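This report refers to the structure that appears directly beneath it.
Everything numeric in this text was worked out from a predicted model, so none of it was measured.
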Amino acid sequence: MTVQTTAKPKLTDREDIAKRLLRGSAKASFDPLVEIDWDAPVDPDMWAIRPERVSLYGTYLWDRLDDAQRKELSRLEVASVATIGIWFETILMQMLVRHAYDHDPTTNHVQYAYTEIADECRHTVMFAKMIEKLGSRAHKLDPAAHHLGRLFKTIAHGPLIFAGALFVEEVLDQIQREAVPDEQILPLVRSVARIHVVEEARHMRYAREEFARDWAGRGPLNRAYSRIILGLVTYYSATRLINPKVYAQVGLDPKEAYRVAKANPHWIDTKTWAARKVVGTLSTADAITGLGRYFWRKAGLLGR
């Protein structure tokens, strides 16, 4: 049984948490242009992600690829996921600016919003440079996802801003935490992951707190609307993680490979695993129900 809490956290708690996050940012923030050796060559004999996390792993198309093609596909898929990261972080930065615009800039929680925006600016540049080093390009999203992002950043209110941010950040965080200690994975990818994991831990704490505070004060109609919009956003994010164009780069038919990946139980399990923490957080708040839940399941985020 889900227990809903209607009491809002105290404003002093909000300020205390933001103050701690600001201190953490002062102690452990990184400039990826300095911290990462961008001139180091990319070893083609190393993976960019664990092979079992590649979207075609375990399928007949995977069996067609030789070892070099599989490792190339791993690099291209990491670049594709980073492209989605850039897409959503650009959306998030605009939403955070709107959030800060409506509040007192002398408060800690607004100052942390500005701090997070600065972090996301660096992350976007870091991801873009990694995409280039991995031998890929930032493939443009399909028009439906592109325009949905434009709409979402315009209409999203408090709980949608922070629930959407939490979803994307949690999924990336799980994949990157797994990569950091894995010596079969490229040093470049591990370095990017290490920076992102440290800084995103603060962002996720901020998002959880702001979501819980705002969600508690929303009425039934507002919550119903938020569940549907959040479901759509998560669906379009999760189903665009791997751009079909990457399959063509390793000699596969992109339409066939996309269909195979979509039905691949290993890939569905990977997405479910990566989303499990945010699904738990939002399910506890009763934010994944009804039509919205349908989109979460259709995206392969709630298991098979």
Side-chain angles (χ1 to χ4, degrees), residues 1-5 53 55-56 59 80-81 83-85 87-88 91-92 95 141-175 204 207-208 210-212 214-244 255 257-304:
M1 178 181 294
T2 301
V3 178
Q4 295 186 23
T5 303
R53 301 297 183 199
S55 66
L56 294 177
T59 68
S80 181
V81 172
T83 299
I84 290 296
W87 172 66
F88 199 86
I91 293 170
L92 175 59
M95 294 192 298
L141 283 169
D142 59 278
H146 182 76
H147 291 300
L148 178 66
R150 188 188 301 279
L151 176 64
F152 181 65
K153 69 180 177 61
T154 303
I155 67 173
H157 57 12
L160 278 174
I161 293 172
F162 296 106
L166 194 58
F167 167 72
V168 175
E169 290 170 350
E170 286 274 22
V171 168
L172 289 176
D173 184 73
Q174 293 303 300
I175 294 171
M204 290 186 290
R208 288 189 203 99
E210 291 297 309
F211 169 77
D214 204 329
W215 187 253
R218 298 287 170 168
L221 288 178
N222 193 288
R223 287 190 177 200
Y225 158 81
S226 297
R227 292 183 189 107
I228 294 171
I229 299 300
L230 179 61
L232 283 169
V233 169
T234 55
Y235 172 78
Y236 276 95
S237 299
T239 57
R240 269 66 177 176
L241 285 172
I242 309 301
N243 192 301
K255 292 182 179 179
Y258 180 80
R259 289 195 303 269
V260 170
K262 184 178 179 181
N264 183 9
H266 293 287
W267 179 231
I268 294 171
D269 288 347
T270 287
K271 289 191 289 184
T272 303
W273 163 80
R276 70 193 188 284
K277 288 190 175 181
V278 67
V279 167
T281 298
L282 297 179
S283 293
T284 299
D286 199 31
I288 305 179
T289 60
L291 181 57
R293 184 177 180 84
Y294 165 80
F295 290 117
W296 283 80
R297 184 168 296 283
K298 188 174 175 63
L301 299 169
L302 302 180
R304 290 181 272 160

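Residues Phe88 and Leu172 have side chains not in contact (no heavy-atom distance under 4.5 Å, counting atoms from C-beta outward). Using a 4.5 Å cut-off on side-chain heavy atoms (C-beta onward), Phe167 and Leu301 make contact. Using a 4.5 Å cut-off on side-chain heavy atoms (C-beta onward), His157 and Arg218 make contact. Side-chain contact between Thr83 and Arg240: absent, with no pair of heavy atoms (C-beta onward) separated by less than 4.5 Å. Annotation: side chain of Glu169 is in contact with side chain of Leu92 (closest heavy-atom distance under 4.5 Å).
Closest approach of Gly158 to Asp214, counting heavy atoms only: CA-OD2, 3.1 Å. Ala156 approaches Met95 most closely through the heavy-atom pair CB-SD, 3.6 Å. Nearest heavy atom pair, residue Leu160 against residue Ser226, reads CD2-O, 3.4 Å.
Remark: side-chain polar atoms of Trp296 are not paired, donor with acceptor, to backbone N or O of Ile288 under 3.5 angstrom. Of the possible polar contacts, none joining the Lys298 side chain to the Tyr235 backbone as a donor-acceptor pair under 3.5 Å is found. Remark: the backbone N or O of Pro220 is not paired with any side-chain donor or acceptor of Arg223 at under 3.5 angstrom. In this structure a side-chain-to-backbone donor-acceptor pair under 3.5 Å is missing from Arg208 to Leu166. Without hydrogens or angle criteria, Asn264 side chain to Ser55 main chain gives a donor-acceptor distance under 3.5 Å.
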Exercise for the section: Might you work through the side chain to side chain contact (heavy atoms under 4.5 Å, CB included) test for Ile161 and Phe152, ending with a clear yes or no? Expected result: CA-CA 9 Å; Ile161 293 172; Phe152 181 65; over 6 Å; no
Practice task
Decide yes or no on side chain to side chain contact (heavy atoms under 4.5 Å, CB included) for Ile84 and Asn243, but give the supporting numbers first.
Solution key: CA-CA 9 Å; Ile84 290 296; Asn243 192 301; over 6 Å; no
Problem - Chi angles and distances behind the side chain to side chain contact (heavy atoms under 4.5 Å, CB included) call for Thr59, Trp267 - result: CA-CA 10 Å; Thr59 68; Trp267 179 231; over 6 Å; no
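To the nearest 0.5 Å, the span separating CG on Asn222 from OH on Tyr225 amounts to 8.0 Å. The CZ atom of Phe162 sits 13.5 Å away from atom CG of Leu230, with the distance rounded to the nearest 0.5 Å. Atom-to-atom distance recorded for Leu148:CG and Trp87:CH2 is 6.0 Å, nearest 0.5 angstrom. One distance of note links NE2 of His147 with CG of Asp142; it measures 9.5 Å at 0.5 Å rounding. Expressed to the nearest 0.5 Å, how far CD1 of Ile268 lies from CG of Leu302 amounts to 11.5 Å. Rounding to the nearest 0.5 Å places CD1 of Ile91 at 10.0 Å from CZ of Arg150.
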